[in-house]
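So you know, we letter chains A, B, ... as the sequences are listed, proteins then strands, and number each from 1.
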Number of protein chains: 2
Amino acid sequence: MKLAIDHKSPIPLHIQAEQLLRELIKDPVYQAGKLLPNEVELAKKLAISRTTLRQAINKLVYEELLIRKKGFGTKVANSRISSKSMNWLSFSQEMKARGITVKNYELHVSWVFPDESTASFFDISTEKKIVKMERLRGSSDNPFVYFISYFHPRIGLTGEEDFKRPLYEMLEEEYSTIANLSKEEISALEANKFIAGKLEIETGSPVLFRKRFVYDQGERPMEYNLGYYKAESFVYTVESRRT
Amino acid sequence: MKLAIDHKSPIPLHIQAEQLLRELIKDPVYQAGKLLPNEVELAKKLAISRTTLRQAINKLVYEELLIRKKGFGTKVANSRISSKSMNWLSFSQEMKARGITVKNYELHVSWVFPDESTASFFDISTEKKIVKMERLRGSSDNPFVYFISYFHPRIGLTGEEDFKRPLYEMLEEEYSTIANLSKEEISALEANKFIAGKLEIETGSPVLFRKRFVYDQGERPMEYNLGYYKAESFVYTVESRRT
DNA sequence: CCTTAAACCATGTAAATACATAATTAACCT
DNA sequence: AGGTTAATTATGTATTTACATGGTTTAAGG
């Protein structure tokens, strides 16, 4: 674990401090509501200004990972909002846990120009082609989900990879890219003609639609994933606890 | 609307600025991704330092109400309704934060026999009546969610309570019952005739359906909640981190 | 011995300043 | 006209400085 801050790095100091703090609070020593060193001391130790350190702490406070108390100190929050971390993101593993064997109905990999929103999430130009993966998956009886994934060019995918392997395992082993954070948006949609065809339902039928924004170790965008789930066959579960 | 900042007020300047901005972006003029005045100008106009102003803007950026772009400016995010772990559980508070005034279109409280699944969750007999609350809520323009709540008899509700108050606040203050854990199941459904009528959509249109199992301090079931959200107007967001 | 006041500690608030960097626009040169 | 370069604009990063304020601990006083 990196305990110091590199002033020569192009990564902003407050980002480095933030990452450092995230690592720090994972340490068992800090788990049970323990106090952090005070800001003035810690800033001196890290050789950054108190303002910069506060900038980093602020983010974690906002995420409710840290709790500040005036005149007392900053402590590590005990219970975090767990969203039943999906084991972790892997579809096939999740299905396996439910006793469903995943069948791949279609798999298609291509190089395409990203649309506006994808390019914006990846922070790249719409003129630069990226790898797109489409997958139709389901149980042994019938397909019930259609996935579209876009991958950031930084990863360096060729499009020739073995996408039959569990995706995140492959990305980790072959490209040292680890999914670290996922932001998801879940909504209900009417199936358009294309999706309806894939999922073998009627156009206009409801589908559960999930956008997933996946970030790597450095909080950099790595995957943009769209999932269209046949309505009856999928339930998304979330568990959250008061903090 | 207050447009100025009171330097003599005991309320911190950055809090005042934050509130002012929240009001400001509600203004129709700012609705469609419009740019805010630049930080240096705005700070001068409000007679506060840029640092303080940035502190205020930061909060709204964290909440994704504003989007900053270096060298370009700060624009208002096209606010769609999302639920960032629901703040915590309260619908009206979450809407308030988004600048949407919640309107209650219908409110109906009754004593009913629980169905099988409800009785099973509460671990009570189907012969024992419980309090059921139905609510149709939405923005000032139109309803977009229909809630049904069942409450565990242990709480001791009479059905005469003031359900116009924030629910969890009322339960905490009047009955010392605190929501502590929530398990949610989200799926997509076709609106049946009843729901379609309430939400003013066509039968068969997709709705986002959420079941919520709420537990109290002692992890005992306290509320069973069903929510039917009009499809276009609701996005459920989840953020999860690898552990 | 208990209450109250003072001292202390750590975070909270606020400003002024300086320079870096990304996005846009304008000017410039082929 | 088209592409490259430079200037402009507005946010991003970082430091130093100063004082306020809410808790905690200690010390004083009845």
Discussion item. Test of understanding: with side chain to side chain contact (heavy atoms under 4.5 Å, CB included), list the residues that count as partners of A/Arg165, not counting sequence neighbours.
Written reply: A/Asp162, A/Glu169, A/Met170, A/Glu173, A/Glu174
Practice prompt. Quick one: list whatever passes ring-ring contact (aromatic ring centres under 6.0 Å, His included) with A/Phe122, sequence neighbours left out.
Written response: A/His152
Item to complete: Take the protein atom NZ of A/Lys44 and the nucleotide atom C1' of D/dT15, then report the distance between them rounded to whole Å.
Response: 15 Å
Worksheet item: How would you list, by chain and number, every residue that makes a salt bridge (Lys or Arg N to Asp or Glu O under 4.0 Å) with B/Arg68, sequence neighbours excluded?
Response: B/Glu39
Worksheet entry | Contacts of type ring-ring contact (aromatic ring centres under 6.0 Å, His included), residue A/Phe151, not counting sequence neighbours | none
Discussion item. Can you list everything that forms a salt bridge (Lys or Arg N to Asp or Glu O under 4.0 Å) with B/Glu161? Sequence neighbours excluded, please.
Written reply: none
Worksheet, complete the sentence: Outermost contacting nts on DNA chain C, any atom under 4.0 Å from chain B heavy atoms, listed 5' then 3', are C/dT13 to C/dT24
Worksheet entry | Partners meeting ring-ring contact (aromatic ring centres under 6.0 Å, His included) with A/Tyr175 (sequence neighbours left out) | none
Worksheet entry | Any residue meeting ring-ring contact (aromatic ring centres under 6.0 Å, His included) with B/Phe72, in chain and number order, not counting sequence neighbours | none
Worksheet item: Is a donor-acceptor pair below 3.5 Å formed from side chain A/Thr51 to base D/dT16, judging by atom type as modelled?
Response: yes
So which protein nitrogen or oxygen atoms get under 3.5 Å of nucleotides 8-12 of chain D's nitrogens or oxygens?
from: D/dT9; atom 1: O2; to: B/Gly71; atom 2: O; distance (Å): 3.4
from: D/dA10; atom 1: OP2; to: B/Asn38; atom 2: ND2; distance (Å): 3.4
from: D/dT11; atom 1: OP1; to: B/Thr74; atom 2: OG1; distance (Å): 3.3
from: D/dT11; atom 1: OP2; to: B/Glu39; atom 2: N; distance (Å): 2.6
from: D/dG12; atom 1: OP2; to: B/Arg54; atom 2: NH1; distance (Å): 3.0
from: D/dG12; atom 1: OP2; to: B/Arg54; atom 2: NH2; distance (Å): 3.1
from: D/dG12; atom 1: OP2; to: B/Arg68; atom 2: NE; distance (Å): 2.8
from: D/dG12; atom 1: N7; to: B/Arg50; atom 2: NH2; distance (Å): 2.8
from: D/dG12; atom 1: O6; to: B/Arg50; atom 2: NH1; distance (Å): 3.2

Worksheet item: Distance under 6.0 Å and angle within 45° of the ring axis: does B/Lys183 meet both against B/Phe213?
Response: no
